[in-house]
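Positions are given from 1, in the same order as the sequence printed here. Indexing begins at 1, ligand by ligand and atom by atom, following the structure's order.
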Amino acid sequence: MSDLSAPWTPPAGAFWDGAWRSPSEGFPVIDPEDGTEVGQVGDCSPTDVDAAVRAVADAALQGEAWPVWRRRETLHEAARLLAARRELFVRLLSREACKPVRHAEAEVRRALETVRLSAEQADRLEGRTLPFGDTPRGANRIGWFTREPVGVVAAITPFNDPLNLVAHKVAPALIAGNGVVLKPSEQTPLTALAFLEVLLDAGVPADRLAVVPSRGVQAGAALVSHPLVDMVSFTGGWTSGNAVARAAGAKKTLMELGGLGTVLVLGDAHLHQAAAAIVDGAFGNTGQNCLSVQRVFVARERAAELLDLVVRGTRELVVGSKADPATDIGPLVDEPAAERVEAWVSEAVSAGATVQIGAKRDGSYYWPTVLTDVPAGSRVLTEEVFGPVVSIEPVDTLEVAVDEVNGSDYGLQAGVFTRDIDAALDLARRLRVGAVMINDTGDFRIDAMPFGGGKRSGVGREGVPYAVDAMTEPKIVAIHTVT
Ligand code: NAD
């Protein structure tokens, strides 16, 4: 067992204008495993948010004061400090969030890559010359564009990857020369504040950063609608994303929203490989992942065999304390989340679904659950469960599966298992999602790839190089020569 007892106490509950701040109100951060208090953070008001945005806006306009070479060095130093504080972050992620220590360690490794990759994007901040000679109207002109920071980026993050998803917004924004005001998830603000400390210790100019935790939505709403915020980078659920987009109005937005992870298993697939990947993709982080595998369509003649393998793999998962390195399945983020998952499964079962394994709750824990015979229209098939539940459905033709994916409200990533390259590429062409993984589930990404989807899954693409593109704008300089 790891000792998670004393994770970290921030110097104060929030940070802006170069200093730690103590908003008049605070709120506790709770460990979902045992209900104990992990720490206290500030409950920032709209007035606090206004002060934070104004301070960052002043700094973000002083581009030359923090040149690109220094940004790159600073982010490399931040990666070094993050590695040195790995233990602290594992403890924090395991206490305030829902990650068993093994998964917390994996997230710290991912975040390190994200910060290093961001440092390396300094090379991407380049423009090019413009083809004025391509039109008679451009005669006697030369010119170019450079890539300029957008200004103030408002970053809003969810609870399920409290370090790496924060890093995915803050590090690209900084290398691009922006200032950032971060509103982390109210369920996981301590990790965000500890990451802020890493950035400050690494040498990021303190006035370029602000972190404004808040218990309710008022700080986030004030942030995204602030007139000095130039761009909103949001990761969270579709309902919140919709509210954020409305509040932001006509601003640049990057929206990473939910998913309905679907896997297609064709008749010729390697079933052991598919089943292992499905178990991992459905139950990693207890299903609290936008890429979680939620629906599996399998060729009818292989369905019984696949189901058997998935159920056997699920039975081997260890449900337990987050502190135990043997634990695969920790708690959901809180008890209401586990009650919601339980209610959705009960609703499907009342309508005729069969529980193959799982469907048991104890407090904030929900056991990994495999369902079959789930009636069409059940919420476990049509809405993002964000919990450890997967449904397996035999199909007679691929068309059924393609129609289900393309007809759903989401379009993030999908997986296809087959040994037939023609069938795989045909499906890759036809599935309306942001990524098709062949012989993997959709629960796979590297941090350097363009990441995102369409429909209710989001707007635009994150992934470090693409976030840097999104967080910059071209600026043209043209010279009219006198001959
Ligand atoms: P959530 O939508 O409840 O909250 C996300 C963040 O938005 C939090 O910081 C929250 O305080 C804030 N927020 C909520 N309503 C707001 C409003 N009206 N104005 C301003 N801020 C507001 O999401 P969650 O429960 O923390 O995370 C789970 C969701 O995040 C899932 O839907 C999951 O799919 C999604 N997610 C998507 C990705 C991706 O990259 N596509 C990655 C991780 C999680």
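Nearest to atom 39 (C) of ligand 1 among the protein's heavy atoms is C290 SG, 3.3 Å. For atom 12 (C) of ligand 1, the nearest protein heavy atom (residue, atom name, distance) is I156 CG2, 3.7 Å. Looking only at heavy atoms of the protein, atom 16 (C) of ligand 1 is closest to V217 CG1, 3.7 Å. Among protein heavy atoms, the minimum distance from atom 41 (N) of ligand 1 is reached at L257 O, 2.7 Å. The protein heavy-atom contact nearest to atom 22 (C) of ligand 1 is V244 CG2, 4.2 Å. Considering only non-hydrogen protein atoms, atom 27 (O) of ligand 1 sits nearest to P158 CB, 3.2 Å. Here the heavy atom of the protein found nearest to atom 6 (C) of ligand 1 is T157 O, 3.5 Å. Regarding atom 35 (C) of ligand 1, its nearest protein heavy-atom neighbour is G236 O, 3.2 Å.
Residues M471 and K252 have side chains not in contact (no heavy-atom distance under 4.5 Å, counting atoms from C-beta outward). No side-chain heavy atom of L196 sits less than 4.5 Å from a side-chain heavy atom of L182.
Taking a cut-off of under 4.0 Å to the non-hydrogen atoms of E186, the atoms of ligand 1 that pass are 8 (C), 9 (O), 10 (C), 11 (O). Atom numbering of ligand 1 starts at 1 in the shown order; those under 4.0 Å from a heavy atom of T235 are 5 (C), 36 (N), 37 (C), 38 (C), 39 (C), 40 (O), 42 (C), 43 (C), 44 (C). If you number the atoms of ligand 1 from 1 as listed, the ones under 4.0 Å from a heavy atom of P184 come out as 9 (O). Interface atoms of ligand 1 facing G237, defined by a heavy-atom separation under 4.0 Å, are 1 (P), 2 (O), 23 (O), 29 (C), 30 (O), 32 (O). Below 4.0 Å from some heavy atom of G258 lie the following atoms of ligand 1, by number and element: 32 (O), 34 (O). Ligand-side atoms of ligand 1 in range of A243: 18 (N), range being under 4.0 angstrom from any heavy atom. Proximity to S185 (heavy-atom distance under 4.0 Å) selects the following atoms of ligand 1: 9 (O). Taking every heavy atom of S240 and a limit of under 4.0 angstrom, the matching atoms of ligand 1 come to 1 (P), 2 (O), 3 (O), 14 (C), 15 (N).
For Q187, no heavy-atom contact with ligand 1 is shorter than 4.0 Å. For A247, no heavy-atom contact with ligand 1 is shorter than 4.0 Å. When non-hydrogen atoms are compared, ligand 1 lies under 4.0 Å from the side chain of F234 (C-beta onward) but not from its backbone.
Expressed to the nearest 0.5 Å, how far CG of N289 lies from CG of D161 amounts to 6.5 Å. Taken from CG in L112 to CG in L163, the straight-line distance is 8.5 Å, to the nearest 0.5 Å. Atom CD of Q40 and atom CG of L190 lie 9.5 Å apart (nearest 0.5 Å).
Look at D31 and K322 and you find a salt bridge, because one of the NZ, NE, NH1 or NH2 atoms lies within 4.0 Å of a carboxylate O, short of that distance.
Side-chain contact check for T441 and D443: no donor-acceptor pair (N or O, by modelled atom type) lies under 3.5 Å. Using a 3.5 Å distance cut-off with no hydrogens or angles, the side chains of S45 and D48 do pair a donor with an acceptor. For the residue pair K169 / T235, a side-chain donor-acceptor distance below 3.5 Å is found, with atom types taken as modelled.
Ligand 1 has at least one atom lying under 4.0 Å from a heavy atom of A221.
No N or O atom of L165 sits closer than 3.5 Å to an N or O atom of ligand 1. Polar contact with ligand 1: absent for G216 (N/O pair, distance under 3.5 Å). Between E384 and ligand 1, at least one pair of N/O atoms sits closer than 3.5 Å. The distance criterion of under 3.5 Å between nitrogen or oxygen atoms is not met by N160 with respect to ligand 1. In terms of polar-atom proximity, K183 is counted as a contact of ligand 1, with an N or O under 3.5 Å from an N or O of the ligand.
For A282, the side-chain contact (heavy atoms from CB on, under 4.5 Å) criterion is met by V293, V390, not counting sequence neighbours.
Nearest heavy-atom pair across A154 and L223 is CB-CG, 3.6 Å. The minimum heavy-atom distance between P368 and V319, with the atom names listed, is CD-CG2, 3.9 Å. Annotation for T262 and V405: closest pair CG2-CG2, 3.6 Å, computed over non-hydrogen atoms.
For E347, the CD atom is densely surrounded, since the number of other residues' heavy atoms within 6.0 Å is greater than 12. Within 6.0 Å of CZ in R432 there are 12 or fewer heavy atoms belonging to other residues, nucleotides or ligands.
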